[in-house]
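Have a look at the structure below, then the notes.
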Amino acid sequence: MNTAADIPLLIRSENSGSERRISPSWSITQLKNRLDPITGIPATCQKLSLKIGSQASRPITAQDEDATQLANWPLQAYAEIYVGDTRPPGARTNYTDVSAVEKYEMPAADYESRTDSVLAWKKAQKLGRFDPNAPSVEQQKIDASYREAEQRNIKVGARCQLSDARRGEVKFLGDVAEIPSGVGAWVGVQLDEPTGKNDGSVKGTRYFECVANHGVFVRPERIEVGDFPVLDDFAEDDEEF
């Protein structure tokens, strides 16, 4: 008896896709058993369908799948067999979610001891933090704050407006050691109204002179200098008389 030639078919499932040669003489049960390791779907939970070109899919099923051959379906080269999973979603293995997969993390000491890493290359080239002439991170912050002040043209004696719309005059520009974690440029402003926090001094060290509650220290990015005259709350009333 002649045996039917194997046919190349495309096997698809939710998590896999491959080309396989299928024998029309196989029973449905034999096919499902072969698809189990390919798709990860147990044979008893598979729902097969055949799709040829643009034709509608045909289910591959029978009352007696052990005795029903695939030759009963019009198998054609490179037709598609889709393997559905009848298990509820919570019971299926998710092969695309790797969030729960334990990942190897090389100890820092091991990485630093390697000679073929990016870190080793940076050390050899004296780049970044390995550059002996490079400024420290703290110095970079200090330099950036003074560049900000220069770009904003902040100078002692200039009229200014704070980001919260308060106005005043720049009275100081420089370091204020008494402010915790306050490295870099600070701008001391004498406010027009008593809405400040000091009199130009911080913890006993005086940086400029002003009336109590008229002084405040802010970072350069909160200052805009320009033509900001003292606000007159009665100006509009005066014009009506």
Side-chain angles (χ1 to χ4, degrees), residues 97-236:
D97 182 10
V98 297
S99 60
V101 178
E102 185 177 354
K103 302 174 182 61
Y104 171 74
E105 293 186 5
M106 181 180 294
D110 291 352
Y111 179 69
E112 291 179 0
S113 65
R114 294 180 66 95
T115 59
D116 58 349
S117 65
V118 174
L119 181 66
W121 180 78
K122 285 185 175 182
K123 287 181 179 178
Q125 300 299 319
K126 294 182 171 56
L127 298 177
R129 60 189 174 94
F130 303 108
D131 182 353
N133 299 317
S136 64
V137 174
E138 182 175 289
Q139 186 60 49
Q140 291 178 34
K141 291 180 180 179
I142 293 173
D143 294 344
S145 68
Y146 279 98
R147 282 197 301 271
E148 182 77 21
E150 182 178 359
Q151 291 170 359
R152 291 176 176 269
N153 199 30
I154 299 174
K155 298 177 181 179
V156 174
R159 289 289 300 174
C160 66
Q161 178 170 278
L162 277 63
S163 56
D164 58 7
R166 289 182 293 172
R167 294 185 177 185
E169 179 182 333
V170 176
K171 303 292 286 186
F172 170 82
L173 174 61
D175 295 344
V176 180
E178 290 75 16
I179 299 178
S181 303
V183 297
W186 287 92
V187 183
V189 178
Q190 176 180 288
L191 298 170
D192 296 337
E193 301 292 336
T195 57
K197 295 185 176 181
N198 53 62
D199 62 353
S201 64
V202 180
K203 296 183 179 179
T205 301
R206 180 161 299 282
Y207 290 91
F208 63 91
E209 296 283 348
C210 74
V211 180
N213 298 325
H214 280 68
V216 67
F217 290 88
V218 296
R219 288 298 195 183
E221 58 266 24
R222 290 190 55 194
I223 294 288
E224 180 183 359
V225 300
D227 184 17
F228 295 108
V230 178
L231 295 175
D232 186 352
D233 294 336
F234 301 100
E236 294 183 1

Where [X] and [Y] come nearest, the two heavy atoms and their spacing:
X    : Y    : result
V202 : I179 : CG1-CG1, 4.5 Å
A185 : P220 : O-CD, 3.4 Å
Y111 : V118 : OH-N, 3.8 Å
G184 : D175 : O-OD1, 3.2 Å
F208 : V189 : CZ-O, 3.7 Å
K171 : Q190 : CG-CB, 3.5 Å

Non-neighbouring partners of [X] that pass salt bridge (charged side-chain N to carboxylate O under 4.0 Å, His left out), sequence neighbours left out:
X    : result
D199 : R206
E224 : none
R147 : none

message: Is it the case that over 12 heavy atoms from other parts of the model lie below 6.0 angstrom from the CD atom of E150?
response: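 Counting neighbours around CD of E150, 12 or fewer heavy atoms of other residues, nucleotides or ligands fall under 6.0 Å, so no.
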- request: Tell me, yes or no, whether the heavy-atom count around Q125 atom CD, taken from other residues, nucleotides or ligands under 6.0 Å, exceeds 12.
  value: yes
- prompt: Does D227 have any side chain to side chain contact (heavy atoms under 4.5 Å, CB included) partners at least two apart in sequence or in another chain, and if so, which?
  reply: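 P229.
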Close side-chain approach of E193 to L191, heavy-atom, < 4.5 Å: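 E193 does not reach L191 side chain to side chain.
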- prompt: Is there a side-chain contact between Q139 and I142 (heavy atoms, below 4.5 Å)?
  reply: yes
- request: Scan for ring pair (Phe, Tyr, Trp, His ring centres under 6.0 Å) pairs involving residues 143-201, sequence neighbours excluded, and state none if there are none.
  value: F172-Y207
Exam field: side chain R219 to backbone V187, donor-acceptor pair closer than 3.5 Å: no
Side-chain donor/acceptor pairs under 3.5 Å, residues 157-165, sequence neighbours excluded:
from, atom 1, to, atom 2, distance (Å)
R159, NE, F228, O, 2.7
R159, NH1, G168, O, 3.4
R159, NH1, D192, OD1, 3.1
R159, NH2, D192, OD2, 2.8
R159, NH2, F228, O, 2.7
Q161, OE1, R167, NE, 3.1
S163, OG, R222, NE, 3.2
D164, OD1, R166, N, 3.2
D164, OD1, R166, NE, 3.3
D164, OD2, R166, NE, 2.9
D164, OD2, R166, NH2, 3.1

